[in-house]
Amino acid sequence: TITCHYTWIMGTCSKINPTKKESVSTTVLEQIVTNNNEGPVREHFVFTDTDGVVYHLMVEGTVIKEGTRIPPDSQTGLINSIAWRGDLMVLGDSTGHLSFWDLKARQSRLIPTNRGGIKKLLLAPGRNTLLLLVLFNDGVEIWDCTETEILSSIKSSKIGEVIDIDWGASDRPVLINESGAIRILDINLDVVPSPVTPLSLHTSAWLPFIYNQKENDQLQNILATHGMDRKLGYEVPQIMYPYCLGFNAQHT
């Protein structure tokens, strides 16, 4: 929980005093920067407090303007994530509700996902793309924000626990597992291998991070005592690398 008192100008490390001296305990914050090429850059901040109230602040230069406040819905829990683009704003809460807001029409639609708490929301890149990636405790879903309907879903029991999400492209959701694996999928949440252009390598790739501590200590000792001697042969038990950083060995 963060207590908001000031907005800071990072370039000068100075703070802008708020228009009202009011302390708000926030749960999540989203920022959008706009520039109409006719004036200064305008920053928009949307954040929620522990009661579920949505606040909108605009910062232009050193002036803070308070925008509309949206009261909480009686059915929503603690807001955990906000996704915002143009007139669309989506809120995800701790009880698994998605709240779709049409800011221009001032209308909202609350939809229960029945999946438990929502951890993160992320809109796909692209102005004309309104696909929403939703991270739950037990998996991931993709929603079509235009139709406010689910497109695809996958559970952690199938792919392992997901700790973070991102978009590689407008049609390529990226999931990061607790094990450290990075999975690139399609819109149907089927696993898709990363597109890698075939390369004709003259030397093998060097992967020092797979060494255990003993082998890593041996390598550091050789580098410290012999430097980058290309005539030096070095072999790690069961792992050997050809012509990598000057080591003349064979890959098994």
Side-chain angles (χ1 to χ4, degrees), residues 27-48 54-60 65 67-70 73 76 79-93 96-115 117-136 139-155 159 162-176 182-197:
T27 60
V28 63
L29 180 144
E30 182 73 12
Q31 177 197 26
I32 290 182
V33 179
T34 60
N35 187 354
N36 58 12
N37 297 322
E38 297 179 358
V41 172
R42 176 179 293 178
E43 295 178 271
H44 298 263
F45 295 91
V46 172
F47 56 95
T48 61
V54 180
Y55 299 80
H56 176 208
L57 293 180
M58 294 171 288
V59 180
E60 190 170 337
K65 298 179 182 179
T68 304
R69 292 191 186 188
I70 302 175
D73 190 288
T76 58
I79 303 299
N80 289 334
S81 186
I82 300 175
W84 181 21
R85 179 179 299 150
D87 294 326
L88 171 69
M89 182 184 299
V90 187
L91 310 176
D93 71 11
H97 287 94
L98 285 173
S99 181
F100 293 86
W101 277 88
D102 184 334
L103 300 178
K104 186 175 182 180
R106 296 180 178 270
Q107 295 178 344
S108 68
R109 183 179 180 186
L110 186 68
I111 301 177
T113 62
N114 302 313
R115 288 280 300 261
I118 294 171
K119 299 172 65 175
K120 186 175 181 178
L121 304 176
L122 201 61
L123 286 166
R127 291 184 178 181
N128 300 321
T129 304
L130 291 179
L131 297 180
L132 180 71
L133 193 57
V134 185
L135 174 61
F136 298 90
V140 173
E141 290 180 352
I142 295 179
W143 284 69
D144 182 345
C145 296
T146 304
E147 303 295 333
T148 58
E149 63 182 16
I150 185 172
L151 294 181
S152 53
S153 174
I154 193 168
K155 290 194 173 183
I159 58 171
V162 180
I163 60 173
D164 203 0
I165 55 175
D166 205 342
W167 289 94
S170 59
D171 61 348
R172 285 291 182 266
V174 179
L175 312 183
I176 301 176
I182 298 176
R183 299 179 183 272
I184 302 176
L185 301 90
D186 60 13
I187 295 301
N188 296 321
L189 291 178
D190 292 326
V191 177
V192 176
S194 304
V196 178
T197 303

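Not measured: the values here are computed from a predicted model.
Checked against side-chain contact (heavy atoms from CB on, under 4.5 Å), V28 has the following partners two or more places apart in sequence or in another chain: T48, I79, I82. For D87, the side-chain contact (heavy atoms from CB on, under 4.5 Å) criterion is met by D102, K104, not counting sequence neighbours. Shown here are the salt bridge (Lys or Arg N to Asp or Glu O under 4.0 Å) partners of K120, two or more places apart in sequence or in another chain: D164.
The two atoms that bring R172 and L185 nearest to each other are CD-O, 3.2 Å, heavy atoms only. Nearest heavy-atom pair across G86 and L103 is O-CD1, 4.0 Å. The two residues T148 and W143 make their nearest non-hydrogen contact at O-CZ3, 3.7 Å. Between K119 and V162, the closest heavy-atom pair is NZ-O, 4.1 Å.
Distance check, rounded to the nearest 0.5 Å: CD1 of I154 to CD1 of I142 gives 9.5 Å. Distance CH2/W167 to CD1/I184: 13.0 Å, rounded to 0.5 Å. Atom CG of L122 is separated from atom CD1 of I165 by 5.5 Å, given to the nearest 0.5 angstrom. Note that CE of M58 and CZ of R42 are 6.0 Å apart. Values are rounded to the nearest 0.5 Å. Within the model, atoms SG of C145 and CG of L151 stand 9.0 Å from one another, a figure rounded to the nearest 0.5 Å. Between the CG atom in L123 and the CG atom in L131 there is a gap of 8.5 Å [rounded to 0.5 Å].
In this structure, the side chains of I32 and V46 stay at 4.5 Å or more apart for every pair of heavy atoms. For the pair H97 and D73, the minimum side-chain heavy-atom distance is 4.5 Å or more.
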(request) Check step by step if side-chain contact (heavy atoms from CB on, under 4.5 Å) holds for K155 and R115. (result) CA-CA 10 Å; K155 290 194 173 183; R115 288 280 300 261; 4.2 Å; yes
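Aromatic ring orientation, Y55 versus F47: parallel (interplanar angle below 30°, classes split at 30° and 60°). The aromatic rings of H44 and H56 lie parallel to each other, with less than 30° between the two planes, well short of the 60° mark.
Distance alone, capped at 3.5 Å, places no donor-acceptor pair between the S170 side chain and the A124 backbone. No side-chain donor-acceptor contact under 3.5 Å links N188 to the backbone of D190. In this structure, the side chain of S81 does not engage the main chain of G92 through any donor-acceptor pair within 3.5 Å.
Only one option out of V90, V134, L91, L135 pairs with I118 in a side-chain contact (heavy atoms from CB on, under 4.5 Å); it is V134.
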